[in-house]
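Structure first, commentary second.
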Amino acid sequence: QVMLVESGGGLVQAGGSLRLSCAASGRTYENYAMGWFRQVPGKEREFVAAISWSGASTYYADSVKGRFTISRSNAKNTVYLQMNTLKPEDTAAYYCAASYVTEVAHVLIKDYEYSYWGQGTQVTVSS
């Protein structure tokens, strides 16, 4: 079992930056890939970014490529999402997800591939 807790959300003006964190606890000694998703009420959950267990592989949605950066510290059992040049359309609840993998370079980009989810943190970007 892995527990995930997100933090770092808030209200920011368009063009600003935020850094989300996701702290993992529990069976963190096993290999697990992690990702970020977001959801707006009434819409489907959307993939944002993913990172492999090793951190060597990352993948981004086209809508955030070049603006967001995913990273992780396995020593701290934490994954980060640095969000720059934020836009009003980035407004959403952001969720961290994790799942065990056998390949350290494997990234997961589908929500059904993830076993564990955090409670989410709200990001609101004002125009």
Side-chain angles (χ1 to χ4, degrees):
Q1 189 79 4
V2 174
M3 284 68 71
L4 304 172
V5 178
E6 303 97 334
S7 61
L11 174 64
V12 64
Q13 288 189 332
S17 298
L18 280 175
R19 188 195 197 201
L20 304 184
S21 298
C22 173
S25 60
R27 294 176 57 178
T28 55
Y29 54 87
E30 299 194 22
N31 299 348
Y32 54 99
M34 298 190 75
W36 288 95
F37 290 76
R38 65 188 182 187
Q39 190 169 24
V40 175
K43 294 190 176 182
E44 291 188 357
R45 187 160 49 194
E46 175 188 20
F47 168 77
V48 175
I51 189 166
S52 63
W53 164 245
S54 66
S57 301
T58 58
Y59 192 84
Y60 297 92
D62 288 343
S63 59
V64 306
K65 201 172 295 182
R67 300 188 298 121
F68 291 10
T69 302
I70 189 170
S71 62
R72 67 187 297 164
S73 167
N74 288 344
K76 297 181 179 179
N77 294 321
T78 301
V79 65
Y80 307 95
L81 186 67
Q82 178 67 44
M83 306 186 295
N84 298 329
T85 319
L86 282 161
K87 305 175 181 180
E89 50 264 43
D90 294 319
T91 295
Y94 282 72
Y95 297 90
C96 173
S99 193
Y100 300 118
V101 291
T102 57
E103 298 290 335
V104 296
H106 194 191
V107 293
L108 306 175
I109 64 172
K110 302 295 185 182
D111 58 359
Y112 58 77
E113 296 180 295
Y114 286 93
S115 302
Y116 304 102
W117 292 85
Q119 293 300 307
T121 185
Q122 179 67 34
V123 172
T124 302
V125 184
S126 63
S127 59

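All values below were derived from every heavy atom in this structure, side-chain atoms included, with hydrogens, water molecules and symmetry-related copies excluded.
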Considering all heavy atoms of both residues, which atom of [X] and which atom of [Y] are nearest to each other, and what is their separation?
{"X": "Ser127", "Y": "Pro88", "answer": "CB-CG, 3.8 Å"}
{"X": "Tyr100", "Y": "Val2", "answer": "OH-CG2, 3.1 Å"}
{"X": "Arg67", "Y": "Thr85", "answer": "NH1-O, 2.9 Å"}

Do [X] and [Y] have side chains that approach each other closer than 4.5 Å (heavy atoms only, starting at C-beta)?
{"X": "Asp111", "Y": "Trp117", "result": "yes"}
{"X": "Trp53", "Y": "Glu103", "result": "no"}
{"X": "Met83", "Y": "Val123", "result": "yes"}
{"X": "Val107", "Y": "Ile51", "result": "no"}
{"X": "Tyr114", "Y": "Leu108", "result": "yes"}
{"X": "Phe68", "Y": "Leu81", "result": "yes"}
{"X": "Tyr95", "Y": "Thr121", "result": "no"}
{"X": "Leu4", "Y": "Met34", "result": "yes"}

Worksheet item: Quick one: disulfide (SG to SG under 2.5 Å) pairs with a partner in residues 55-93, sequence neighbours left out?
Response: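 Residue pairs passing disulfide (SG to SG under 2.5 Å), neighbours aside: none found.
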Practice prompt. Start with the C-alpha gap between Trp36 and Tyr80, add the side-chain angles, then the distance that decides, and say whether side chain to side chain contact (heavy atoms under 4.5 Å, CB included) holds.
Written response: CA-CA 9 Å; Trp36 288 95; Tyr80 307 95; 5.9 Å; no
If we ignore hydrogens and angles and just use 3.5 Å, is the side chain of [X] paired with the main-chain N or O of [Y] as donor and acceptor?
{"X": "Ser63", "Y": "Ala61", "result": "no"}
{"X": "Ser57", "Y": "Ser52", "result": "no"}
{"X": "Gln119", "Y": "Glu6", "result": "no"}
{"X": "Thr91", "Y": "Val125", "result": "yes"}

Fill in: Arg72 to Tyr32, cation-pi by 6.0 Å centre distance and 45° axis angle
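Judged by the rule, Arg72 and Tyr32 form a cation-pi pair.
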Donor-acceptor pairs under 3.5 angstrom involving side-chain atoms of residues 39-48: please list them, not counting sequence neighbours.
residue, atom, partner, partner atom, Å
Gln39, NE2, Lys43, O, 3.0
Glu46, OE1, Arg38, NE, 2.8

Indicate every side-chain donor-acceptor pair of residues 16-26 with a distance under 3.5 Å to a residue at least two apart or in another chain.
residue, atom, partner, partner atom, Å
Ser17, OG, Asn84, OD1, 2.9

Fill in: In one Ile/Leu/Val/Met/Phe/Trp/Tyr side-chain cluster, 4.5 Å: Val5, Phe37
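Val5 does not cluster with Phe37.
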Item to complete: Report yes or no: do Leu11 and Tyr94 belong to one cluster of Ile/Leu/Val/Met/Phe/Trp/Tyr joined by side chain heavy-atom distances under 4.5 Å?
Response: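 Different clusters.
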Discussion item. Assess, by modelled atom type and distance only, whether the side chains of Ser115 and Ser99 contain a donor and an acceptor separated by less than 3.5 Å.
Written reply: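 Per modelled atom types, Ser115 and Ser99 side chains form a pair under 3.5 Å.
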Worksheet item: Under the salt bridge (Lys or Arg N to Asp or Glu O under 4.0 Å) criterion, do Lys65 and Asp62 qualify, and how do the steps go?
Response: CA-CA 5 Å; Lys65 201 172 295 182; Asp62 288 343; 3.1 Å; yes
Discussion item. With a sphere of 6.0 Å drawn around OH of Tyr59, does it hold more than 12 non-hydrogen atoms of other residues, nucleotides or ligands?
Written reply: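 No - once you tally the heavy atoms of other residues, nucleotides and ligands closer than 6.0 Å, there are 12 at most.
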